[in-house]
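Below is one structure, written out as C-alpha cells, with a few remarks after it.
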Amino acid sequence: MNQPIPIPSTTAPARIGQGTAVEQSRAAAEVQAAVVVAQQCPRNIQAAVAEMRESCKQQGLAERAFFRYSRGGSTVTGPSVHLARELARVWGNVQYGLVEMRRDDDYGQSEMQAFAWDVQTNSRNSSTFIVPHRRDTKNGSKQLTDMRDIYENNANNGARRVREAIFAILPPWFVEEAKELCNQTLRDGGGKPLAQRIADAIKVFEGLGVTADRIEARFDRESSKWTEHDVAQLLVIFKSIQRGEVTVEDEFPAPRVSAEELVGGKASKPADTRTEQ
C-alpha cells in the first residue's frame, strides 16, 4: 500500500511573541484607519502646491534635494530621497517605508521591500530586492559582519528604492516643479552676492584639499566667470562628497604631470667638453 508523501508544513511558527502579536494587530488597524481618514479628509491640491513651493524656497531643503554618484566612468545625478520624503509629506495621505523581510546570515544577504502608497487614490508602488552584506571599497568587496554595518548598508540601499517608490506615485508635474524650484533656490544662494558665494565655495573646497585652479579646470573657466549655476553645482557636489556618494578624486581629478615637469622642464643639452685647438 502506497504511503502518502508528507508535505512540509508552511504554517506560521507555533510561538509568536506578545510584542509581535500586538504590532501585527496595530499595523492592521493603522492601515484601516489611514484609508478611512484619507477618504474623510482628502488632500487639498492647491494647499499642497503652495506648501511645496514654500518648502522648496528653503535653503536647507534645496541643499539636500539632489544627489550625485559615479558609475561606469560617468556621474549620475537626480532628486534625492530627502526631497521625495518632503514631497510625500506635503502631498498628504501618503505612506512609505522600508521593511527587512528576511535576513540570511548563512548567505550573507537581506531580503528587503520598499513601498509607497497613496491611501486616498489606492495607488501603490513596491519593490522587493536582495541586499548582499557587502560593501564595495577601493580594495575590492568587503564582507560585512557587524550588525550596525549591515543595518546601515541595508538602509542606504533601501533609501534609493524608497525614493523611486515615492516618485512613482506622485504626479510628475508636482515633482518637476519642486526640482526646478530647488534649483532656483540654489542659484539664488540665500540672497548672497555671487562674488561672495564664489569666494565661500572656494574656501569650503580648500578645506577638502581642492585648490581653486582644480575647480577652474573642471569648469574650464576662471572663477571670475562662474555663473550662479556653477556655484549651485558646486554646492551639490560638496554635499554629495560629505554624504560619501562621490569622492574628491571623482569630481576633481588631480592634474596629470608630464615627464618634463617631473624633471623640471626639458632636459638641457650636455655641455660641450671639447677643448679648443
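Predicted model, so just to flag it, every value in this text is computed and none were measured.
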Counting distance only, does the side-chain N/O of [X] pair as donor-acceptor with the main-chain N or O of [Y] below 3.5 Å?
| X | Y | result |
| --- | --- | --- |
| Glu111 | Glu100 | no |
| Arg43 | Gly92 | yes |
| Asn157 | Asn154 | no |
| Asn156 | Asn153 | no |
| Gln109 | Asp105 | no |
| Glu216 | Ser223 | yes |
| Ser126 | Ala114 | no |

Item checked: Plane angle bin for Trp91 and Trp173 - parallel if under 30°, tilted between 30 and 60°, otherwise perpendicular ->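 Taking Trp91 first and then Trp173, their aromatic rings stand perpendicular (interplane angle over 60°).
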Check: Is the NZ or CZ atom of Arg243 both under 6.0 Å from the centre of the six-membered ring of Phe67 and within 45° of that ring's axis?
Finding: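 No - Arg243 does not lie over the ring of Phe67 by the 6.0 Å and 45° rule.
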[Y]/[X] salt bridge by N-O under 4.0 Å criterion:
| X | Y | answer |
| --- | --- | --- |
| Arg221 | Asp230 | yes |
| Glu206 | Lys203 | no |
| Glu86 | Arg89 | yes |
| Glu180 | Arg187 | yes |

For the residue pair [X] and [Y], what are the closest heavy atoms and their distance?
| X | Y | value |
| --- | --- | --- |
| Leu83 | Cys182 | CD1-SG, 4.1 Å |
| Ser127 | Arg161 | OG-CG, 3.6 Å |
| Gln113 | Thr128 | NE2-OG1, 3.5 Å |

Check: Quick one: CG on Leu208 to CD1 on Ile237, what's the gap to the nearest 0.5 Å?
Finding: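 One finds 11.5 Å between CG of Leu208 and CD1 of Ile237.
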Check: Just checking, is any N or O donor in the side chain of Asn125 or Trp117 under 3.5 Å from an acceptor N or O on the other one?
Finding: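 The answer is no; no qualifying pair exists.
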Item checked: Donor-acceptor pair between Asp188 and Gln184 side chains, under 3.5 angstrom ->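 Present: a donor and an acceptor within the cut-off.
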Checklist line | Passing option when Ile198 is tested against Ile215, Val231, Leu234 for side chain to side chain contact (heavy atoms under 4.5 Å, CB included) | finding: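 It is Val231, the one option of Ile215, Val231, Leu234 that forms the side chain to side chain contact (heavy atoms under 4.5 Å, CB included) with Ile198.
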Notebook entry, point to check: Given the rule in the salt bridge (Lys or Arg N to Asp or Glu O under 4.0 Å) test, do Arg148 and Glu152 qualify, once you have shown the distances and angles that lead to the verdict?
Noted result: CA-CA 6 Å; Arg148 181 174 180 178; Glu152 292 178 349; 3.2 Å; yes
Margin query: Could you check whether atom CG of Asp220 has more than 12 heavy atoms from other residues, nucleotides or ligands sitting under 6.0 Å from it?
Written below: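 No.
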Notebook entry, point to check: If you draw a 6.0 Å radius around OH in Tyr151, do more than 12 non-hydrogen atoms from other residues or ligands fall strictly inside?
Noted result: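 No - once you tally the heavy atoms of other residues, nucleotides and ligands closer than 6.0 Å, there are 12 at most.
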